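Structure record follows, encoded as structure tokens.
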Amino acid sequence: MNRILVIAEHDQGHLKLATFAAAGFASKVCAASGGSFDFLLLGSGLAAAAEGLRQSGAAAVLTADSPELTQPLADRYAQVIADTVKARAVTLVVAAASTFSKDILPRAAGLLDAGMLSDVIDVRGEGNDLTFRRVMFAGNVIATVQLDGPIKCVAVRSAAFAAPAATAALSPVEAVAVDAAALPKFAEFINRETKVSARPDATEARIIVSGGRALKNAADFERLVGGLADLLGAAVGSSRALVDSGITPNSLQIGQTGKVVAPDLYIAVGISGAIQHMAGMKDTKVIAAINKDPESPIFEVADYGLVADVYIAVPELIEKLKK
Ligand SMILES: Cc1cc2nc3c(=O)[nH]c(=O)nc-3n(C[C@H](O)[C@H](O)[C@H](O)COP(=O)(O)OP(=O)(O)OC[C@H]3O[C@@H](n4cnc5c(N)ncnc54)[C@H](O)[C@@H]3O)c2cc1C
């Protein structure tokens with residue numbers, strides 16, 4: 001029987017959608033192999049976020065609520081996760097694959113002497129004998145792997161698992177005791193710089209308009225990619241070529257070394273479709289590409305392709321959408 005702990009990810013109380021995909025993974029394991037899952041929410045002032053987790057079929061929503069956990073400092077979070085796992089005899093720790101879990105989950109696995117897998121896209125098995133499938137080498141290899149040991153830690157791709165259906169019954173919320181004095185203090189929070197944007201985050205959006213090297217400067221990117229995105233209520237993304245040349249910030253990069261996304265629609269504007277870029281978006285439901293080179297590799301994965309100059313086609317598209 002699995003006892004599963006799903007680490008709930010949030011940004012200052014706003015739950016990340018990927019958390020529900022992680023719960024979908026946990027539900028799948030429970031349906032196939034028995035057991036139950038709890039959420040673990042870490043931070044401070046968590047009441048509203050905890051409320052948002054109560055209809056996902058968890059046995060309990062555990063809250064580790066302390067001023068010492070206000071910022072997601074990895075050493076402290078990992079310690080609380082490890083303590084909770086030990087106290088509750090958890091066998092499987094699950095988080096959505098994200099920059100948050102990349103920072104925290106391997107440290108928790110280290111504290112627990114547990115094996116850890118990232119980028120998991122499927123799971124099969126019975127009881128504790130689970131077999132996972134995970135993406136490797138920018139999506140070119142799917143590895144089938146098992147983890148030894150009584151405790152396993154996995155980060156799952158949110159595109160691969162659907163959120164559990166909302167339940168009528170509400171999961172109970174239960175506080176986890178946090179010994180603030182015993183928390184590690186290897187890292188200290190100094191400052192947080194965020195850009196406030198009216199646009200959705202690429203990892204949460206249903207539509208992404210993404211720009212590549214065809215865009216010559218930041219003003220053109222904003223006018224064409226940003227302009228099209230705003231008309232569609234979409235997020236914006238970017239290839240690494242634009243990040244490297246300083247035209248777009250790193251936070252917009254999609255790909256192997258950027259964000260991995262799987263929206264309903266991805267519009268690639270002047271992106272060639274390098275393998276490292278596609279590693280971050282090829283699970284999209286519908287891909288549309290605009291590129292002036294008909295031989296561009298992006299057209300091999302695109303459902304809709306337009307061979308055109310983005311400086312001509314995108315303004316036309318924007319005008320038509322405005323009408
Ligand atoms: C280890 C490693 C990790 C990497 N990680 C990432 C990553 O996470 N994300 C990422 O994106 N890249 C990544 N890269 C870089 C990747 O290999 C490519 O260099 C990059 O994706 C290319 O970006 P691009 O498609 O915008 O530019 P290009 O490959 O230069 O393509 C530009 C495209 O625009 C078209 N074009 C030009 N002008 C116009 C126009 N006026 N109208 C229409 N079309 C036009 C061209 O035909 C071309 O197809 C990584 C590379 C390495 C080695």
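Start at 1 and go down the list; that is how both ligands and their atoms are numbered. Heads up: numbering here begins at 1 and tracks the sequence. Bear in mind the structure is a predicted one, so any value in this text is a computation, not a measurement.
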Regarding [X] and [Y], is there a side-chain donor-to-acceptor distance under 3.5 Å anywhere?
X	Y	answer
Asp75	Gln79	no
Asp220	Tyr311	yes
Ser98	Glu9	yes

Exercise. Among Ile290, Asn291, Ile298, Asp220, whose heavy atom sits nearest atom 49 (O) of ligand 1?
Worked result: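 Ranked by closest heavy atom to atom 49 (O) of ligand 1, first place is Asn291.
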Under 4.0 Å, heavy atoms only, figure out whether ligand 1 is touched by the backbone of [X], its side chain, both or neither.
X	value
Ala279	neither
Ala214	both
Ala274	side chain
Ile275	neither

Can you sort out which atoms of ligand 1 are near [X], meaning under 4.0 Å from one of its heavy atoms?
X	value
Asp293	47 (O)
Thr257	3 (C), 4 (C), 5 (N), 6 (C), 7 (C), 8 (O)
Gln256	7 (C), 8 (O)
Gly258	8 (O)
Gly212	26 (O)
Ser296	49 (O)

Any salt bridge linking [X] with [Y]? Criterion: basic side-chain nitrogen under 4.0 Å from a carboxylate oxygen.
X	Y	result
Lys28	Asp122	yes
Glu204	Arg199	no
Arg88	Asp83	no
Asp264	Arg206	yes
Lys152	Asp148	no

Exercise. Phe132 vs Phe25 aromatic rings, parallel, tilted or perpendicular, using cut-offs 30° and 60°?
Worked result: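 Parallel.
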Kindly confirm or rule out an N or O of [X] lying under 3.5 angstrom from an N or O of ligand 1.
X	result
Ser238	no
Tyr311	no
Ile254	yes
Val310	yes

So which protein heavy atom does [atom] come closest to, and at what separation?
atom	result
atom 41 (N) of ligand 1	Asp309 OD1, 3.0 Å
atom 24 (P) of ligand 1	Ser239 OG, 3.5 Å
atom 15 (C) of ligand 1	Arg240 CB, 4.2 Å
atom 22 (C) of ligand 1	Ala241 CB, 4.0 Å
atom 33 (C) of ligand 1	Gly270 O, 3.5 Å
atom 53 (C) of ligand 1	Gln276 NE2, 3.9 Å
atom 29 (O) of ligand 1	Ser272 OG, 2.7 Å
atom 19 (O) of ligand 1	Arg213 NH2, 4.4 Å

For this session: Output yes when a side-chain donor or acceptor of Asp38 lies under 3.5 Å from a complementary backbone atom of Ala60, and no otherwise.
Result: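 It does hold such a pair.
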For this session: Verify, without hydrogens or angle tests, whether Asn291 (side chain) and Ile271 (backbone) share a donor-acceptor contact under 3.5 angstrom.
Result: yes
Problem set entry | For Leu306 against Ala313, the heavy-atom pair lying closest together |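 Here Leu306 and Ala313 meet closest at CD2-CB, 3.9 Å.
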For this session: Over all heavy atoms of both residues, which pair between Val260 and Ala279 is shortest? Give the atoms and the distance, please.
Result: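 Shortest heavy-atom separation between Val260 and Ala279 comes out as CG1-O, 4.3 Å.
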Problem set entry | Contact with ligand 1 for Ala308, non-hydrogen, under 4.0 angstrom |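 Yes.
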Exercise. Can you find a non-hydrogen atom of Gly280 under 4.0 Å from ligand 1?
Worked result: no
For this session: Supply the atom-to-atom distance Thr144 OG1 to Arg134 CZ, rounded to the nearest 0.5 angstrom.
Result: 11.0 Å
Exercise. Quick one: are Val145 and Arg133 in side-chain contact, heavy atoms under 4.5 Å?
Worked result: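 Not in contact.
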